[in-house]
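By convention here, the first residue in the shown sequence is residue 1.
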Amino acid sequence: MSENIKLLALLDTVIDCYLDKGEPVGSKFLNSLEAVDYAPSTLRKYLNALEKQGMVYQPYNSSGRIPTLQWLSAYLDSRLSECPDDLDLPLNDARKGLKSLVEALGEVSDGVVVGFIRNDEYYYLGINNLLRDDMIDEYSATRTIVRFIEEKKVVAFIDKKILKNQEVYYTFVNDADTLISCVYVKVNLEGYDAVLSIVGPLRVNYKKNISILKKVLESLAS
């Protein structure tokens, strides 16, 4: 395996760990993982190489690394090309309307589910998912995200975009110096064009959220 392939594999591990733990990822922690079979000195060398290439950075001196936004985007691009996980979603009754669909997704998504019919009202659910234990210290970010939804900024932001059917999209929005993640799809419900979006902090379970929205598209197309 070439060093470049090793670096990219390690980068995926760093991103997975960061999204899971919410903390900078260092060589000591990586060395404790069964899936990582490198000596600490090799890990330090590889992390330095990733940083020099602009893939990760240190938020403060002597800390571990976290992914740059550019490489988090590349990570998400790769997840968009994967088949969705085998998720058991309660979608049969949800086909009756947008509100039911949003309620069903709000039970399983990592973030706040926002659904709206263009030029009409919208619903949001799942705010409790923003208040999980590992988000307690991020009160300011949580407050910004809630305000971003309540003020309908997310609706205005997505409503301007041209969306294709059967495509999952993602974007990052900087609101009040807080980066907000948004994964979204266009769906057709009872003849109306609607949008489903999962909104949250930068650190959410993107793989799960993307799989959920892909499953929704599959279900509505069948």
Going by the rule side chain to side chain contact (heavy atoms under 4.5 Å, CB included), which residues pair with [X] if we only count those two or more places apart in sequence or in a different chain?
X      : answer
Ala176 : Thr144, Arg147
Arg44  : Ser27, Pro40, Ser41
Gln166 : Leu217, Ala221
Phe29  : Cys17, Lys21, Val25, Ser32, Leu33

Show the nearest heavy-atom pair for residues [X] and [Y], with the distance to one decimal.
X      : Y      : value
Val154 : Cys182 : CG2-SG, 4.3 Å
Leu7   : Ala49  : CD2-CB, 4.1 Å
Gly111 : Ile198 : CA-CG2, 4.2 Å
Ser78  : Ser81  : O-OG, 2.7 Å
Pro59  : Pro24  : CG-CG, 3.7 Å

Side-chain donor/acceptor pairs under 3.5 Å, residues 8-16, sequence neighbours excluded:
from  : atom 1 : to    : atom 2 : distance (Å)
Thr13 : OG1    : Ala9  : O      : 3.2
Asp16 : OD1    : Tyr75 : OH     : 2.3

Within the distance-only criterion (no hydrogens, no angle test), does the side chain of [X] pair as donor or acceptor with the backbone N or O of [Y] below 3.5 angstrom?
X      : Y      : value
Ser219 : Lys215 : no
Asn205 : Asp110 : no
Lys186 : Ile162 : no

Could you list all the salt bridge (Lys or Arg N to Asp or Glu O under 4.0 Å) pairs where at least one residue sits in [range], not counting sequence neighbours?
range            : value
residues 67-84   : Arg79-Glu82
residues 50-60   : Glu51-Arg65
residues 160-177 : Lys153-Asp175

If you round to the nearest 0.5 Å, how far is [atom2] of [Y] from [atom1] of [X]?
X      : Y      : atom1 : atom2 : value
Gln58  : Ile66  : CD    : CD1   : 10.5 Å
Leu72  : Tyr18  : CG    : OH    : 8.0 Å
Leu47  : Thr42  : CG    : OG1   : 11.0 Å
Leu19  : Lys207 : CG    : NZ    : 12.0 Å
Thr178 : Ile145 : OG1   : CD1   : 7.5 Å

Please evaluate residues Val195 and Val187 with respect to the criterion side-chain contact (heavy atoms from CB on, under 4.5 Å), reporting the C-alpha separation (whole Å), side-chain torsions for both, the decisive distance (0.1 Å), and the verdict.
CA-CA 6 Å; Val195 173; Val187 296; over 6 Å; no

Quick note, ring-ring contact (aromatic ring centres under 6.0 Å, His included) partners involving residues 39-71, not counting sequence neighbours, are Tyr38-Tyr46

Which residues satisfy the side chain to side chain donor-acceptor pair (under 3.5 Å) test with Asn165, sequence neighbours excluded?
none

Side chain to side chain contact (heavy atoms under 4.5 Å, CB included) with Asn209: which of Leu76, Val199, Val108, Val204?
Val204

With side-chain contact (heavy atoms from CB on, under 4.5 Å) as the criterion, how do Leu98 and Leu196 come out once you've worked through the C-alpha distance, each side chain's angles and the decisive distance to 0.1 Å?
CA-CA 9 Å; Leu98 178 63; Leu196 290 171; 3.9 Å; yes

Between Glu103 and Lys99 (salt bridge meaning N to carboxylate O under 4.0 Å), is one present in this structure?
yes

Measuring only between side-chain heavy atoms, which start at C-beta, is [X] closer than 4.5 Å to [Y]?
X      : Y      : answer
Leu163 : Tyr184 : yes
Leu189 : Ile117 : no
Leu105 : Ile212 : yes

The ring-ring contact (aromatic ring centres under 6.0 Å, His included) partners of Tyr170 (sequence neighbours excluded) come to Phe172

ring-ring contact (aromatic ring centres under 6.0 Å, His included) against Phe157, all qualifying residues, sequence neighbours excluded:
none

